[in-house]
> 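The structure follows.
Numbering starts at 1 and runs along the sequence shown. Computed over heavy atoms, backbone and side chain alike; hydrogens, waters and symmetry mates excluded.
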Amino acid sequence: MQPEHRDRLVQETLDKYTRYVNAGLAKLYRFANVMTVEWEASGAIIHDVHGKEYIDCSGGPAVFNVGHRHPKVIAAVKEQLDRMPMSVRAMPRKPEADLAELLAQITPGELQYTFFANSGTEANEGALKLARLATGRTEFVAAEGAFHGKTMGALSASGREKYKAPFQPLVPGFTHVSFGDLEAMARAVTDRTAAVILEPIQGENGVIVPPDGYLWGVRKICDQRGALLILDEVQTGLGRTGRMFACEHWGVVPDILTMAKALGGGVMPIGAFTGRPALWKALETNPYLHSSTFGGNPLACAAGIATIRVIQDERLVERAADLGTYLLQRLEALARRHPATVKQVRGKGLLVGVEFTDPDIVLLVTAEALQRGVIVFYSLNNPSTFRLAPPLVITRPQLDRAVEALEEAVAATEALLAEVPSEAQAPS
Ligand code: PMP
């Protein structure tokens with residue numbers, strides 16, 4: 001493609017965003033100087049339409065655990081595509097059965113049955129419905145700052161008012177307590193509680209790791225009150241945090257575990273919830289009580305099977321743990337060199353949050369990093385923090401390059417802020 005064709009393609013794409021997708025989004029891209037479009041990707045690397053290379057440290061977020069376009073996932077999806085991509089649903093489907101079996105094998109404890117959906121929010125929606133059905137109760141306890149998705153039930157479980165207020169009234173019966181506070185949890189869970197829903201590590205809230213003993217304590221409270229525990233591993237699952245599922249860091253088994261994002265190998269959208277056999281009794285009498293046209297479709301399941309095999313064969317869980325320790329150390333050193341702007345670095349495995357002293361700094365650093373060929377993304381429920389969730393196949397030299405570019409981006413932002421007159425920073 002000629003350079004002038006590329007420029008025109010970028011301009012036209014942004015104009016179409018303005019006219020047909022969302023003018024606000026187009027404005028945001030222009031404001032952040034993102035005058036390009038994504039074009040192709042492989043492993044941990046993305047190229048834009050101009051051929052510029054970026055290291056993907058956002059990972060979608062947490063979608064590309066096996067990297068972009070892993071050849072084994074592509075091959076599995078192509079094989080299915082050439083035979084029968086979608087299902088008539090009148091006959092059982094082998095890919096769905098095989099993936100459900102694999103999930104029973106890799107999820108902890110006696111989690112065994114799986115329902116397939118198409119996204120994270122749908123997985124949580126189904127889990128909430130199942131908890132109501134199985135317990136006959138209608139109330140839920142969730143955490144402040146939580147992110148579970150944006151459909152009505154999952155949004156009701158989420159914990160940031162900004163995204164909820166315009167849509168009130170939401171689903172009734174949800175109480176929110178501070179994440180990590182066991183006493184608050186003990187007070188909130190009653191014999192009317194169908195389930196407690198939590199992320200084992202809060203992702204969109206800026207990578208908040210709970211104190212050791214917290215999830216165990218919640219599990220005990222649930223058991224005492226006859227409530228179920230739903231763990232949302234949509235972001236933390238499938239190796240991301242250095243364990244196949246983050247709950248394994250603390251040896252806690254939920255009654256229902258939800259996942260999505262990485263399960264489709266970065267090739268297909270898919271969501272799922274896996275639960276204890278006893279809970280599925282409620283779905284046995286009418287297997288269509290909860291259903292989805294595309295849930296469990298052959299293409300997505302073929303991607304899921306290949307993805308899990310890649311995670312196992314390439315030992316990506318161990319790799320996430322090792323590289324995560326290294327990344328955390330390097331970012332902690334960076335934070336020590338920039339105490340005025342970087343407040344804290346935290347995380348587990350290759351899910352790391354970098355908290356800045358001000359949300360505006362995050363926007364500036366993110367834009368500066370992009371110019372330097374590194375993609376990071378701020379957390380939806382905590383805009384002072386950006387999150388690194390790179391592909392687990394990222395190499396150490398790529399991580400080194402990314403951290404160096406991030407440090408340059410932080411320094412450039414500090415230089416920019418130093419130039420702003422103090423009256424502009426604090427209008428009276
Ligand atoms: N749960 C968690 C923990 C998430 O991080 C997200 C997405 N960021 C979701 C649910 C929603 O997933 P989706 O966007 O696929 O609906």
> More than 12 non-hydrogen atoms from neighbouring residues, nucleotides or ligands closer than 6.0 Å to CZ on Arg89, yes or no?
yes
> Nearest 0.5 Å, what's the CD1-CD1 distance between Ile256 and Ile230?
4.5 Å
> May I ask you to say whether Arg346 pairs ionically with Glu355, meaning some side-chain N is under 4.0 Å from a carboxylate O?
yes
> Please round to the nearest 0.5 Å and tell me the distance separating atom CE of Met259 and atom CG of Leu238.
6.5 Å
> For the CD1 atom of Ile74 and the CG atom of Leu81, what is their distance to the nearest 0.5 Å?
10.5 Å
> Lys343 versus Ser384: any side-chain heavy-atom pair under 4.5 Å?
no
> Over 60° means perpendicular and under 30° means parallel, so tell me whether Tyr17 and Tyr29 are parallel, tilted or perpendicular.
perpendicular
> Looking only at heavy atoms, what is the nearest atom pair of Ala303 and Gly264, with distance?
CB-O, 3.6 Å
> Can you pull the salt bridge (Lys or Arg N to Asp or Glu O under 4.0 Å) pairs that have at least one residue in residues 279-301, sequence neighbours excluded?
Lys281-Glu284
> Once you round to the nearest 0.5 Å, how far does CG of Leu215 lie from CG of Leu198?
6.5 Å
> Give a yes or no on whether the backbone of Gly145 and the side-chain of Asn381 come within a donor-acceptor separation of less than 3.5 Å.
yes
> Evaluate the side-chain contact (heavy atoms from CB on, under 4.5 Å) criterion for residues His148 and Thr121: first the C-alpha distance (whole Å), next the side-chain angles of each, then the deciding distance (0.1 Å), finally the verdict.
CA-CA 6 Å; His148 296 296; Thr121 198; over 6 Å; no
> Begin with the C-alpha distance, continue with both residues' side-chain angles, and end with the deciding distance and a verdict on side-chain contact (heavy atoms from CB on, under 4.5 Å) for Thr114 and Leu99.
CA-CA 9 Å; Thr114 296; Leu99 181 56; over 6 Å; no
> Between Arg137 and Thr193, is there a donor-acceptor pair closer than 3.5 Å when you use the side chain of the first and the backbone of the second?
yes
> Taking Trp216 for its side chain and Trp250 for its backbone only, find out whether a donor-acceptor pair lies under 3.5 Å.
yes
> State plainly whether the residues Glu314 and Lys72 are in salt-bridge range, i.e. N to O under 4.0 Å.
no
> Give me the atom names and distance for the closest heavy-atom approach of Asn382 to Asn205.
ND2-O, 3.0 Å
> Is a side-chain N or O of His249 found less than 3.5 angstrom from the main chain of Pro200, in a donor-acceptor match?
no
> State, to 0.1 Å, how close Ala306 and Ala76 come at their nearest heavy-atom pair, and which atoms those are.
CB-CB, 3.7 Å
> Applying salt bridge (Lys or Arg N to Asp or Glu O under 4.0 Å) to Lys94 and Asp98, what does each step give before you reach the verdict?
CA-CA 6 Å; Lys94 180 170 161 51; Asp98 287 348; 2.9 Å; yes
> Indicate yes or no for a side-chain donor-acceptor contact from Arg69 to the backbone of Glu40 under 3.5 Å, with no hydrogens or angles considered.
no
> With a 4.5 Å limit on heavy-atom distance, are the side chains of Leu182 and Ile221 in contact?
yes
> Taking all non-hydrogen atoms of both residues into account, name the closest pair between Ala227 and Arg219 and its distance.
O-NH2, 4.3 Å
> Is it the case that the side chain of Gln202 and the backbone of Glu144 share a donor-acceptor pair, with hydrogens and angles ignored and the cut-off at 3.5 Å?
yes
> Looking at side-chain heavy atoms only, is the closest gap between Cys301 and Gln80 below 4.5 Å?
no
> Just checking Lys52: does its NZ atom have more than 12 heavy atoms from other residues, nucleotides or ligands closer to it than 6.0 angstrom?
yes
> Taking the side chain as every heavy atom from C-beta outward, state whether Leu392 and Leu323 have any atom pair closer than 4.5 Å.
no
> Working note: Lys261 + Gln235, criterion side-chain contact (heavy atoms from CB on, under 4.5 Å); need CA distance, chi angles, decisive distance, verdict.
CA-CA 7 Å; Lys261 292 192 187 280; Gln235 189 159 149; 4.2 Å; yes
> Checking Tyr214 now: which residues fulfil ring-ring contact (aromatic ring centres under 6.0 Å, His included) with it, not counting sequence neighbours?
Phe179
> Would you say Asp56's side chain and Ala44's backbone share a donor-acceptor pair under 3.5 angstrom?
no
> Any donor-acceptor pair under 3.5 Å linking the side chain of Asp232 with the backbone of Ile197?
no
> Looking at side-chain heavy atoms only, is the closest gap between Asp223 and Lys220 below 4.5 Å?
no
> Could you label the plane-to-plane angle of the Phe147 and Tyr163 rings as parallel, tilted or perpendicular, counting under 30° as parallel and over 60° as perpendicular?
perpendicular
> Can you find a heavy atom in the side chain of Ile208 that is under 4.5 Å from one in the side chain of Ile201?
no
> Assess the residue pair Tyr54 and Glu38 against the criterion (side-chain contact (heavy atoms from CB on, under 4.5 Å)); give the C-alpha distance rounded to whole Å, side-chain angles, the decisive distance to 0.1 Å, and a yes or no.
CA-CA 10 Å; Tyr54 300 83; Glu38 60 182 24; over 6 Å; no
> Around atom CZ of Phe174, are there more than 12 heavy atoms of other residues, nucleotides or ligands at under 6.0 Å?
yes
> Could you measure the distance from the CG atom of Leu155 to the CD atom of Gln168? Nearest 0.5 Å is fine.
8.0 Å
> Return the minimal non-hydrogen interatomic distance between Ala282 and Leu289, and the atom names on each side.
O-CD2, 4.4 Å
> Phe116: what forms a ring-ring contact (aromatic ring centres under 6.0 Å, His included) with it, not counting sequence neighbours?
none
> Counting distance only, does the side-chain N/O of His176 pair as donor-acceptor with the main-chain N or O of Ala157 below 3.5 Å?
yes
> Can you tell if the side chain of Arg30 reaches within under 4.5 Å of the side chain of Met35, non-hydrogen atoms only?
yes
> Under a 3.5 Å distance rule, please check whether Glu125 uses its side chain to pair with a backbone N or O of Ala154 as donor and acceptor.
yes
> Below 4.5 Å, heavy atoms only, C-beta onward: do Leu9 and Glu12 meet side chain to side chain?
no
> Identify the two heavy atoms, one from Thr135 and one from Ala194, that lie closest to each other, and give their separation to 0.1 Å.
OG1-CB, 3.4 Å
> In a check of side-chain contact (heavy atoms from CB on, under 4.5 Å) between Val267 and each of Val77, Leu299, Thr307, which one passes?
Val77
> Enter the distance from Ile361:CD1 to Thr366:OG1 here, rounded to the nearest 0.5 Å.
11.0 Å
